[in-house]
> 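Can you keep this structure in mind? I'll have questions shortly.
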Amino acid sequence: MTVGRAPARTAPTGAPRNLRRPLVHVLLSLGLLIMSAPFLWMALSSFKTTSELSASPPVWIPTEWTLANFRELLDKLDLPLYFMNSVIVAVLVTVSNLVFCSMLGYALAKLRFTGRDKIFGVVLGALMVPGNLMLLPLFVLMSKLKLIDSYAGLVLPFAAGAFGVFLMRQFMQSIPDELLEAARMDGAGEWYIFWRIVMPLVKPALATLSIFTFLGSWNNFVWPLIATNDPDKYTLPVALATFATDPNKAGGSNGMLMAGAFLVVLPVLILFIALQRHFTQGIATAGMK
Amino acid sequence: MGTTTSAAAEPAKVKDGPGAPAPGAGRQGRPRGKRSMGVQNAAGWLFSTPFLVLFTVFMAFPILATLLMSFTDFGLRNVTRPWEANFIGFENYTELFGDEKFLKSLFNTAYFVVVGVPLTIALGLVVAVLLNNGIDRARTFFRVGFYAPVVTTIVAVAVVWRFVLDPSDGLVAGLFSEVGLTAPDFLGSGTLAMPSMIAMAVWRNVGTVMVLFIAGLQAIPAEVREAARLDGAGVWQEFRGITVPLLRPTLLYATVITTIGYLNVFEEPFVMTQGGPSDSTLTVSLNMYREGFNFFHMGYASAMAYVLFVVIMGITVLQLRLLKDNTK
């Protein structure tokens, strides 16, 4: 595997013989319509008036577009606060993963030390353990450490993930040993080699890891739900879920809920469309054995 | 940062970071000997330390603690005084298997997996094969479209689906009324709530499987297909005889990760139905969350977590076995 780009063996499969192109196009377009329908429904509904929202049969496209849903939502729910909470947590989680996962990835890929294989075994094992198994004691631990309702409590359990280590190790293995040996001959320390030579070479992998970690944290729900009691410390998904499942708050107002979902999903979709190449690569890399 | 490889020639700037070994080691021309090995050994452990500390405190310890808690009557008061929990042996576990609610949640989770996983895998494969067949310029466009639900916040998506399935003014109700039918109350019906949730899960996860299969398909050498074609294989024969066998490793990986994901399903029932109506969408994870954090039966919930874990491990091992045997 080369650093960065996935093997460009995308050689167009040539004209398919029996599967006719128009048929393929029609099937895929139909699929795409189904895939995007909930998003379209969300976006359109968030601009509908109350009467159009509750119309039966439903109105597909709003006849008079209104921002009332957004205004009412922002009145009732301090979205900027939750947005900032989510951003702070996601940034801290991402930065710490970049540093710590790269460090261990470098050690596993490029350093010979006793116990290395055992540590790699631990990383592979950690990949397979479901998060549910840790929630209860983690809550007790965080309560004891007085970290419930704190950023530290939200960040620490995710500060270094096994997926990141695995990804970084895969990429760092493709760096030629001779390069590092030469630096060692010149008297460079391991930290210098790691930070000044290896890290700049694996920028594409760092980009992939940042995106995955950031989004993982942004979309995370169960732990923030457990680790926050104070509504001021809610992350975006917790705030939205609390709002949506409490009949006194959203009061079944689909307009406000769609506006809320729209505002939560939009940044993610924009990020994804802008950086979509890194996503598919990351998934494919993680899937390679 | 930002320095290129030429920086390697400037050892003067070496800064002693927390993980920096003695910079004097392995000086000019000295053959790599024991000394360099010793440095690597020290550096290896220093570079591993941050991860290992975090792993020990926030993963290894909790995994072990859950096991210990599952043999106790750990309750609300033990959150502040854990050492006062009483050891009760296997009582939690024996109680679980007489607990109708738990058995129901186990059944619901199995239902979700047994129906959801094959659907997700099959549709992901179909989309991947279609995308690999002759869509050249529009490929990225379609791939982005099918993958978009994967990256979006699941809580927001579940809120949207709740409205999409709303029997009076939702999107699906609209489609029903277009053809003169009345939509059933999908999420309010004991028989339809779970299938509706499965539909949403399939919608959300098809993209992941699709991306895996596209990578797998592209790894199949074109010559192999050519050879099959020259031998007169039809589309279906090529699919069965070449594509599927060569995709086995991808199929295995996709099945395992989808199964694990579905066994842990939590957000969808939490947001869409709260486990109802009459526990028909209560999954093991949701049940565990409630027992643990609403009722503070933490010992009991820990036992649930371990039963789920054992089920997950068992099924994963079984899948690995089955699919490996088939390839030989």
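Residue numbers start from 1 in every chain, and the chains themselves are labelled A, B, ... in the order their sequence lines are given, proteins ahead of strands.
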> Parallel under 30°, tilted from 30 to 60°, perpendicular over 60°: which one fits the rings of B:Tyr147 and A:Phe272?
tilted
> Among A:Leu240, A:Val264, A:Leu27, A:Leu156, who wins on heavy-atom pairs under 4.5 Å with chain B?
A:Leu156
> Could you check whether the rings of B:Trp203 and A:Phe39 sit parallel, tilted or perpendicular, using 30° and 60° as the cut-offs?
tilted
> Checking heavy atoms, do the side chain of B:Met69, its backbone, both or neither come under 4.5 Å from chain A?
side chain
> So what's closer than 4.5 Å to chain B heavy atoms on A:Ala241: side chain, backbone, both or neither?
both
> Do you know which of A:Ile193, A:Val122, A:Leu271 has the most heavy-atom pairs with chain B at a distance under 4.5 angstrom?
A:Val122
> Would you say the side chains of A:Glu190 and A:Trp195 form a donor-acceptor pair under 3.5 Å?
no
> Could you go through residues 42-50 of chain B and list every donor-acceptor pair under 3.5 Å that involves a side-chain atom there, pairing it with any protein atom two or more places apart or in another chain?
| residue | atom | partner | partner atom | Å |
| --- | --- | --- | --- | --- |
| B:Trp45 | NE1 | A:Thr114 | O | 2.9 |
| B:Ser48 | OG | B:Gly44 | O | 2.6 |
| B:Thr49 | OG1 | B:Trp45 | O | 2.6 |

> Can you give the donor-acceptor pairs under 3.5 Å from side chains of residues 133-145 of chain A to other protein atoms, not counting sequence neighbours?
| residue | atom | partner | partner atom | Å |
| --- | --- | --- | --- | --- |
| A:Ser143 | OG | A:Phe139 | O | 2.7 |
| A:Lys144 | NZ | B:Thr80 | O | 2.7 |

> For each of B:Leu54, B:Leu52, B:Leu308, tally heavy-atom pairs with chain A at distances under 4.5 Å, and name the one with the top tally.
B:Leu54
> Below 4.5 Å from any heavy atom of chain A, which atoms of B:Arg204 appear? Answer side chain, backbone, both or neither.
neither
> So which of B:Ala173, B:Gly292, B:Ser302, B:Ala222 has the biggest tally of heavy-atom pairs under 4.5 Å with chain A?
B:Ser302
> Heavy-atom distance under 4.5 Å to chain A: side chain of B:Ser177, backbone, both or neither?
side chain
> Is chain A contacted by the side chain of B:Val256, its backbone, both, or neither, given a heavy-atom distance below 4.5 Å?
neither
> Which atoms of B:Met59 are under 4.5 Å from chain A, going by heavy atoms: the side chain, the backbone, both sets, or neither?
both
